[in-house]
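Read through the structure below, which is laid out as structure tokens, and then see the notes.
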Amino acid sequence: MEDVKQVPKYTIYTEPDTAEESFMGVWIDKWHDRFLCFKNTGCGCCINIYEFDIGPEAMSELPSDLIKVSLYAELHRAPRTGTPSSFREFSSRFKS
């Protein structure tokens with residue numbers, strides 16, 4: 001069986017030397033051993049881009065205005081399906 005690689009669900013952007021960056025530093029230190037995946041894809045000098053996945057307990061401590069859905073999660077999420085009525089309309093086109 002192939003190993004399944006965990007992908008980030010959330011993204012937080014912060015600028016260095018800001019209150020948000022200080023908060024994130026404390027939060028990351030507190031929860032560092034609970035991340036399912038974590039990486040900072042920013043350069044660190046002008047922006048930090050934290051991409052991660054972690055449980056709901058840790059997420060509940062983050063201000064909601066900081067949290068963004070990860071671009072990776074947006075691009076690779078499960079496809080949306082139609083409603084049953086739209087499926088009936090679609091399938092009726094193929095009935096004789």
Side-chain angles (χ1 to χ4, degrees):
M1 188 164 131
E2 194 174 310
D3 286 338
V4 177
K5 187 175 183 181
Q6 187 71 30
V7 297
K9 288 185 183 177
Y10 307 102
T11 303
I12 293 183
Y13 303 91
T14 63
E15 295 177 9
D17 304 319
T18 61
E20 292 85 3
E21 179 60 24
S22 296
F23 175 86
M24 285 303 296
V26 171
W27 184 82
I28 291 166
D29 286 345
K30 177 179 179 180
W31 295 101
H32 74 277
D33 62 339
R34 304 284 290 278
F35 285 100
L36 301 173
C37 68
F38 180 89
K39 58 185 173 179
N40 180 357
T41 58
C43 60
C45 65
C46 59
I47 191 163
N48 290 295
I49 305 170
Y50 300 113
E51 297 184 297
F52 60 92
D53 188 7
I54 198 165
E57 183 181 359
M59 289 300 295
S60 70
E61 291 187 4
L62 291 174
S64 60
D65 59 331
L66 281 182
I67 304 167
K68 309 289 184 237
V69 174
S70 170
L71 178 59
Y72 187 93
E74 279 291 307
L75 293 174
H76 297 92
R77 70 177 151 185
R80 295 175 190 240
T81 59
T83 61
S85 61
S86 65
F87 179 75
R88 278 194 292 275
E89 292 168 16
F90 173 76
S91 63
S92 68
R93 294 187 240 165
F94 300 100
K95 294 180 181 177
S96 303

Give, for atom [atom1] of [X] and atom [atom2] of [Y], the distance between the pair rounded to the nearest 0.5 Å.
| X | Y | atom1 | atom2 | result |
| --- | --- | --- | --- | --- |
| C45 | D17 | SG | CG | 11.0 Å |
| N48 | I28 | CG | CD1 | 8.0 Å |
| T11 | L66 | OG1 | CG | 12.0 Å |
| I49 | Y13 | CD1 | OH | 6.0 Å |

Query raised in the report: Taking it one step at a time, do F52 and M59 satisfy side-chain contact (heavy atoms from CB on, under 4.5 Å)?
Result: CA-CA 11 Å; F52 60 92; M59 289 300 295; 3.6 Å; yes

Query raised in the report: If you take all heavy atoms of G44 and P16, which pair is closest and at what distance?
Result: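 Minimum heavy-atom contact is O-CG, 3.3 Å.
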
Query raised in the report: Is any side-chain N of the basic residue among E61 and K30 closer than 4.0 Å to the acidic one's carboxylate O?
Result: yes

Requested in this report: May I ask you to check whether W27 and Y50 place their ring centres under 6.0 Å from each other?
Outcome: no

Query - Check: T14/E21 side-chain N/O donor and acceptor closer than 3.5 Å - result: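 Yes, a side-chain donor-acceptor pair sits under 3.5 Å.
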
Query raised in the report: Does the side chain of E51 reach to within under 4.5 Å of the side chain of K9, using non-hydrogen atoms?
Result: no

Report task. Could you tell me whether the side chain of D53 and the main chain of L36 form a donor-acceptor pair under 3.5 Å? Result -> no

Query raised in the report: Between E57 and W31, is a side-chain contact (heavy atoms from CB on, under 4.5 Å) present by the stated rule, with each step listed?
Result: CA-CA 10 Å; E57 183 181 359; W31 295 101; 3.7 Å; yes

